[in-house]
Amino acid sequence: MKKLKFPKDFLWGTATSAYQVEGGIGNSDWSKVYPAGLACNHYNLYEKDFDLIKKLNQNAYRFSIEWSRIEPEEGKFDKREIEHYRRYLQSLKARKITTIVTLHHFTNPLWLAKIGGWANKKVVFYFSRFANRVFDEYKDLVDFWITINEPLIYGSISYLERRWPPKKRNPILFLKTLRNQITCHKKIYEIFHKSKNNFQIGIVKHNSYFEPFNSKSPLDRFNAKVYRYFWNEYFLNRIKNHLDFVGLNYYSRDKVGIKFPFQKGSENEGKWSDIGWEIYPEGIYHVLKGLKKYNLPIYITENGLADAKDKLRKDFIKNHLYWVHKAIEEGVDVKGYFHWSLMDNFEWEKGFDPRFGLIEIDYKTLERKIRPSALFYAKICKENALILCRD
Ligand code: FCB
């Protein structure tokens, strides 16, 4: 038996986002295109869910505040919703759970979408006004702020791949979105830091482990380098002086390069999640090592898999944490791990089929059922250590 200890005060938690779990969001750009209905009804059942977080020994929770609830019409802030999130935060604090709030997790108020969303320069004014208001309301209740979740995923899927609202394929709009995200992030960082409150503010980046499809091909190796630079580093390089920490979402590895029909390259081997994402735990180690140069604390803000039968989740957690621990031993300053997700939820355009939860949701009764892997994770959270048995 081997015990891999994690650093003192390590944050152990789970992550969700408002649109995916709350239910009843009718005023966002997703509401008509991909309605999430009642989702998990977390909006009303949050106390119950926070009890489960506590029961499962997690000491931190990452979630998002839905902009379309707080500001349903441009410039009009909804007092009832502001009070709702205050109670929500107070109820986490009452349980001594560290709070990590994401300000933008993919969804937008309809009014913003109607004037061009993130591609419109005005978003800088609107989003920072929203952020500022939220900060003023909740600054005593929030430990960590995240401005934007996965800026490049959001920009590319919405403005290049046409899969998410506004379903465009327009590189110019993509680049404008990128520029506005960078400006927004920096501006909000500066506004927040005018306050003396004790908090940290950062970004959440989706970084992948890019490998050349054929490691012998210089072209493929070059390709992997280009991806690493543009996908993993470019955004961070632009905002690196405006970050207290980096949030890392790691899910999988990507093999890149030119694949001829006759070429014998190494295909992705190993296991796959229910939605076909390769499970590659070692990748998290390489991605973490890649982030070391920023010299900032790192929180793993998402890592998880769709696994309805809960057959792979336990090993998934164990193996990823093994590699996280190795990175820590080699000097990478990882300070927390958030599993995606606390419970099954609405997986964007894929709907409710993918099951990412440590807790299973019965969408008919909204009953919560703790999966065996959740108990396994709870033990790690409690011990602040990963215990490896020889089996
Ligand atoms: C991430 C998203 C999160 C969830 C997971 C599976 O890209 O941030 O909302 O959908 O993927």
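Counting starts at 1 for both ligands and their atoms, in listed order.
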Is it true that Tyr337 and His320 have ring centroids separated by less than 6.0 Å?
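No, too far apart.
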
Ring-ring centroid check Tyr88 His42, cutoff 6.0 Å
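Yes - the distance between ring centres of Tyr88 and His42 falls below the 6.0 Å cut-off.
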
Trp348 and His105 aromatic ring geometry - parallel, tilted or perpendicular at 30°/60° bounds:
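His105 vs Trp348 ring planes: parallel.
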
List of N/O pairs, ligand 1 versus protein, all under 3.5 Å?
from     : atom 1 : to     : atom 2 : distance (Å)
ligand 1 : 7 (O)  : Glu150 : OE1    : 2.6
ligand 1 : 7 (O)  : Glu150 : OE2    : 2.9
ligand 1 : 8 (O)  : His105 : NE2    : 3.3
ligand 1 : 8 (O)  : Asn149 : ND2    : 3.0
ligand 1 : 8 (O)  : Glu150 : OE1    : 3.4
ligand 1 : 8 (O)  : Glu302 : OE1    : 3.1
ligand 1 : 8 (O)  : Glu302 : OE2    : 3.0
ligand 1 : 9 (O)  : Gln20  : OE1    : 2.8
ligand 1 : 9 (O)  : His105 : NE2    : 2.8
ligand 1 : 9 (O)  : Trp348 : NE1    : 3.0
ligand 1 : 10 (O) : Gln20  : NE2    : 3.3
ligand 1 : 10 (O) : Glu347 : OE1    : 2.7
ligand 1 : 10 (O) : Glu347 : OE2    : 3.2
ligand 1 : 10 (O) : Trp348 : NE1    : 2.9

Give the C-alpha distance, both sets of side-chain angles, the deciding distance and a yes or no for salt bridge (charged side-chain N to carboxylate O under 4.0 Å, His left out) between Arg355 and Glu360.
CA-CA 8 Å; Arg355 300 289 186 145; Glu360 183 184 343; 5.2 Å; no

Taking a hydrophobic cluster as the set of Ile, Leu, Val, Met, Phe, Trp and Tyr residues connected by side-chain heavy atoms closer than 4.5 Å, whether directly or through intermediates, do Trp111 and Trp30 fall within one such cluster?
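Shared cluster, yes.
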
CA sep, side-chain torsions, deciding dist, call: Trp231, His206, side chain to side chain contact (heavy atoms under 4.5 Å, CB included):
CA-CA 8 Å; Trp231 189 263; His206 172 285; 3.3 Å; yes

